[in-house]
Structure formats: structure tokens, C-alpha cells
Amino acid sequence: MNLRIGCYALPARAVLAPMAGVTDRPFRQLCRRFGAALTPAEMLSADQRLWSSVKSKRRMDHAGEPEPRVVQLVGSEPDVLAAAARVNVDLGAQIIDINMGCPAKKVCQREAGSALLADEGLVERILAAVVEAVAVPVTLKIRTGTDATHRNAPRVAWIAQRSGVAALSVHGRTRADLFRGDAEYETIRRARAALDIPLIANGDIDSPQKARAVLDFTGAQGVMLGRAAQGAPWIFRDVNALLSNQFTAPLLRTFKTEIILQHLESLYEFYGEYTGVRMARKHLSWYCRQHDEAIELRPTLMAAEDSASQFAAAKRGFEHWSRLEAA
């Protein structure tokens with residue numbers, strides 16, 4: 001059983017988590033290529049006065065992306081979020097996602113992100129305003145609560161459904177947890193029990209087997225993968241295969257090397273020379289840490305100051321890594 005969000009029947013049950021500084025257009029397109037059913041963009045401030053910055057303009061660039069295109073908004077004022085949603089729909093967004101899950105201090109200090117979970121009345125006003133403002137599906141991303149003594153995700157889930165939200169994703173940590181400790185899924189299971197709309201479980205899902213176990217335990221209709229996709233965008237292929245009871249052979253290193261090099265080229269094209277090299281460093285670091293034999297490449301790749309030398313070093317290093325598999 002695959003996911004349906006509003007009018008969109010999705011082809012699979014695994015979706016990409018929106019991650020600031022990670023899920024740019026090149027990475028989203030790569031994850032879609034490997035079967036991610038949805039690839040939300042990096043969160044965008046609902047304050048339109050900030051949209052003229054280079055960073056915001058890049059986050060709003062969806063050229064060439066497959067449908068449905070998902071824009072995630074962050075903010076705390078119902079009218080401002082509603083206006084931002086309308087503009088993004090006019091620009092081509094087909095699903096609007098509201099961020100009430102980010103635990104970052106700079107977001108929560110503005111009473112946005114997961115800080116909103118402390119004010120259920122404001123949650124309801126925001127969701128009602130955004131749902132009323134746009135004709136496309138509105139989804140919501142939350143955490144299990146503000147802290148271990150206030151895990152109110154089941155109540156927020158009920159509010160979301162009553163407000164007309166089309167689907168909900170829940171990260172199995174509280175705002176206070178940040179990313180410490182292990183995700184817990186009991187609260188997600190309780191939230192799921194209160195819903196008729198689809199729920200997507202998120203948090204520490206790092207393998208096909210873990211995805212299956214979380215779905216079985218929570219009753220969720222889908223899983224959301226974040227950090228597990230860093231350096232391994234092909235994880236969606238493996239998760240979807242297991243969830244659909246299909247066999248898929250492991251990818252060869254030669255193929256992974258081709259993907260890595262194509263990813264680098266897309267980053268250079270999207271960001272330009274200076275920023276492209278620096279954005280590529282984080283992805284190369286993640287690719288290296290996936291395999292013991294590749295980790296020794298990292299210092300050389302991090303030291304490269306221009307795209308030509310970085311690409312050449314990556315090509316040389318990962319092709320050598322590929323040959324080790326065949327030896």
C-alpha cells in the first residue's frame with residue numbers, strides 16, 4: 001500500500017526528510033532518481049522580506065524537478081504563513097509543508113519550528129489559515145512534543161486532521177532531545193491511532209529492515225529518511241524494494257562512483273565554482289564515511305580549492321575504490 005497525499009498517489013512509501021543545507025535541488029533530484037516518493041525542499045522562511053537573499057532564491061529553485069513539488073515553510077504567524085503559501089503555490093508548489101519540527105535554537109527563539117508544539121491553539125490557527133489559503137494539499141512535520149514530560153504529538157495530530165491537513169510526519173524525538181539519544185516510536189504509534197490521514201514516521205530509520213520494523217510497530221503508512229540518505233541516496237531503492245517484497249541486488253561500486261561524480265557536476269552547476277566546491281565537501285565527506293576503504297580519500301577531497309582538482313581527486317580516488325571491489 002503506497003502513500004496518497006491529497007490528490008497525489010505516490011509511487012512508494014519512503015520519502016526524504018527536508019534538511020537545511022542538505023536537501024538542495026541537486027540532492028532532491030538524486031534521491032528521486034533512487035525512488036524517494038517525495039523530496040521536500042529545504043525549509044523556507046515565511047517572511048517574504050528574506051526571499052531576496054541568494055540562499056532563499058536557491059531554496060525556491062525547483063526547475064526540472066518531478067511532481068509533486070513540495071515547499072516547506074517555517075514561521076509562527078498564521079497570516080504570514082498563509083501569504084507565503086499562496087505565493088509558493090503560484091510559483092509552482094504542489095504541496096505545502098509546515099515545519100513544526102525543527103529544534104534549532106535560532107528557529108525556536110522565534111517561536112517557530114518545534115517551539116510551536118507548546119501552543120496548541122496557535123498550531124490550530126496556523127494550520128487553519130494555511131489550509132484555507134491554498135487549494136493544494138497541506139502537510140505538517142512535527143516532533144513528539146516539547147520534552148519528555150510533554151509528548152503531545154497525538155493531540156497535535158488530531159488538531160492537524162481537524163484543520164484539514166492532508167498528511168503528517170512525526171520525528172520520534174522531542175524538541176529538547178535535539179538529535180540526542182534514540183528515537184522513540186510509541187508516541188508515533190499513539191498519534192497514528194488517532195488519525196485517518198496518512199502518518200509518516202521519522203527518526204533513526206537507517207536501513208530497510210529498520211523501516212519495516214518501524215512501519216510494523218507504529219502502523220504508519222510511510223517512512224521519512226534524513227541522515228541515512230546523506231552519502232547514500234540509493235537507500236530509497238533498498239527500502240522501497242524491501243517494503244514491496246522485491247529483491248534488489250546490491251549496487252556495484254562502479255555505479256556508485258558514477259553517481260558520486262554526477263552529483264559533483266550537478267553541485268558545481270547549481271552553486272557555481274566557489275560555493276559548489278564547498279557544498280560538495282560535505283557530500284564527499286558523507287560518501288567517504290560509508291566505506292572504510294574510502295575514508296582515506298577524505299583529507300585530499302576536503303583540501304581541494306577548485307572544482308577541477310576536487311573532481312579529479314574524487315574520480316581518481318573513487319575509481320580506485322571501485323577496483324578494490326573487483327580485485
Side-chain angles (χ1 to χ4, degrees), residues 1-6 10 12-18 37-38 40 72 95 97-103 108 112-128 130-131 137-228 239 243:
M1 178 183 68
N2 288 340
L3 278 167
R4 175 176 285 276
I5 297 180
L10 304 184
R13 301 176 71 184
V15 306
L16 176 67
L38 282 179
Q72 187 188 71
I95 295 175
D97 186 55
I98 303 301
N99 183 320
M100 296 190 187
C102 179
C108 290
S114 58
L116 288 167
L117 299 176
D119 188 342
E120 294 176 11
L122 180 55
V123 167
E124 186 163 18
R125 292 194 298 275
I126 286 172
L127 297 178
V130 176
V131 169
V138 175
T139 59
L140 174 65
K141 189 172 193 302
I142 65 172
R143 288 189 160 226
T144 54
T146 54
D147 57 45
T149 61
H150 298 89
R151 289 194 170 106
N152 62 334
R155 288 199 305 276
V156 173
W158 181 79
I159 290 169
Q161 179 169 279
R162 186 176 66 180
S163 300
V165 165
L168 174 73
S169 58
V170 185
H171 183 101
R173 290 182 176 84
T174 67
R175 169 191 171 182
D177 288 334
L178 299 176
F179 291 95
R180 296 186 294 263
D182 296 327
E184 62 93 8
Y185 306 108
E186 175 59 34
T187 304
I188 297 178
R189 180 161 72 168
R190 290 194 292 112
R192 172 70 196 104
L195 293 179
D196 295 317
I197 61 174
L199 184 146
I200 301 168
N202 176 225
D204 293 355
I205 300 171
D206 56 6
S207 70
Q209 294 74 21
K210 186 65 175 287
R212 176 78 273 170
V214 170
L215 287 175
D216 289 345
F217 180 78
T218 62
Q221 286 88 349
V223 289
M224 177 174 279
L225 283 67
R227 289 176 291 172
V239 169
L243 296 183

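In this text the structure is predicted, and so the values were computed from the model without any measurement. Values below: every heavy atom of this structure, side chains too, minus hydrogens, waters and symmetry copies.
- Taking the side chain as every heavy atom from C-beta outward, Leu199 and Ile188 approach each other to under 4.5 Å.
- Nearest approach of Val170 to Ala153, heavy atoms of both residues: CG1-CB, 4.4 Å.
- Side chain of Asn202 to backbone of Met224: a donor-acceptor contact under 3.5 angstrom is found.
- Under the rule for a side chain to side chain contact (heavy atoms under 4.5 Å, CB included), the partners of Asp119 that lie at least two apart in sequence or sit in another chain are Leu122.
- Side-chain atoms of Gln221 and Arg4, non-hydrogen and from C-beta on, never get closer than 4.5 Å to each other.
- Qualifying side chain to side chain donor-acceptor pair (under 3.5 Å) partners for Ser163, counting only residues two or more places apart in sequence or in other chains: none.
- Arg192 pairs by the salt bridge (Lys or Arg N to Asp or Glu O under 4.0 Å) definition with nothing, not counting sequence neighbours.
- Qualifying side chain to side chain contact (heavy atoms under 4.5 Å, CB included) partners for Ala194, counting only residues two or more places apart in sequence or in other chains: none.
- Residues meeting the side chain to side chain contact (heavy atoms under 4.5 Å, CB included) test with Ala37, sequence neighbours left out: Leu10, Pro11, Ala12, Val15.
- For the pair Pro154/Thr187, a side-chain contact is recorded, criterion being any heavy-atom separation below 4.5 Å from C-beta on.
- Considering all non-hydrogen atoms of both residues, Ala166 and Pro198 come closest at O-CD, 3.2 Å.
- A side-chain donor-acceptor contact under 3.5 Å links Ser114 to the backbone of Cys102.
- We find that Arg151 and Glu186 are not joined by a salt bridge, their nearest charged nitrogen and carboxylate oxygen being 4.0 Å or further apart.
- Within the structure, ring-ring contact (aromatic ring centres under 6.0 Å, His included) pairs that include any residue of residues 175-222 comprise His171-Phe179 (at least two apart or interchain).
- We find the CG-CD1 distance between Leu168 and Ile142 to be 4.5 Å, quoted to the nearest 0.5 Å.
- Contacts classified as ring-ring contact (aromatic ring centres under 6.0 Å, His included) and involving residues 137-161 (residues at least two apart or in different chains) are not found.
- Going from atom CD of Gln72 over to atom NZ of Lys141 covers 7.5 Å, rounded to the nearest 0.5 Å.
- Scanning both residues, Thr146 and Ala118, for their nearest heavy atoms gives CG2-N, 3.7 Å.
- How far CD of Gln161 is from CG of Leu140: 12.0 Å, rounded to the nearest 0.5 Å.
- Applying the salt bridge (Lys or Arg N to Asp or Glu O under 4.0 Å) criterion to Arg190, with sequence neighbours excluded, gives no partner residue.
- Annotation for Gly203 and Ala183: closest pair O-CB, 3.7 Å, computed over non-hydrogen atoms.
- In this structure Thr218 satisfies the side chain to side chain donor-acceptor pair (under 3.5 Å) test with no other residue, sequence neighbours excluded.
- Not counting sequence neighbours, the partners of Arg212 by the side chain to side chain donor-acceptor pair (under 3.5 Å) test are Asp216.
- For Arg13 (side chain) and Val223 (main-chain N/O), no donor-acceptor pair under 3.5 Å exists by modelled atom type.
- By the 4.5 Å heavy-atom criterion applied to side chains, Met100 and Leu127 are counted as neighbours.
- Inter-residue side-chain proximity for Ile95 and Leu38 is flagged as met; some heavy-atom pair is nearer than 4.5 Å.
- Contact detail for Asn152 and Gly145: the closest heavy-atom pair is OD1-CA, 3.4 Å.
- The nearest pair of heavy atoms linking Gly181 to Asp204 is O-OD2, 4.2 Å.
- Judged purely by atom type and a 3.5 angstrom limit, Arg175 has no side-chain atom pairing as donor or acceptor with the backbone of Pro103.
- Under the side chain to side chain contact (heavy atoms under 4.5 Å, CB included) criterion, Ala228 pairs with Asp206, Ile235, not counting sequence neighbours.
- Thr139 meets the side chain to side chain donor-acceptor pair (under 3.5 Å) test with Asp97; sequence neighbours excluded.
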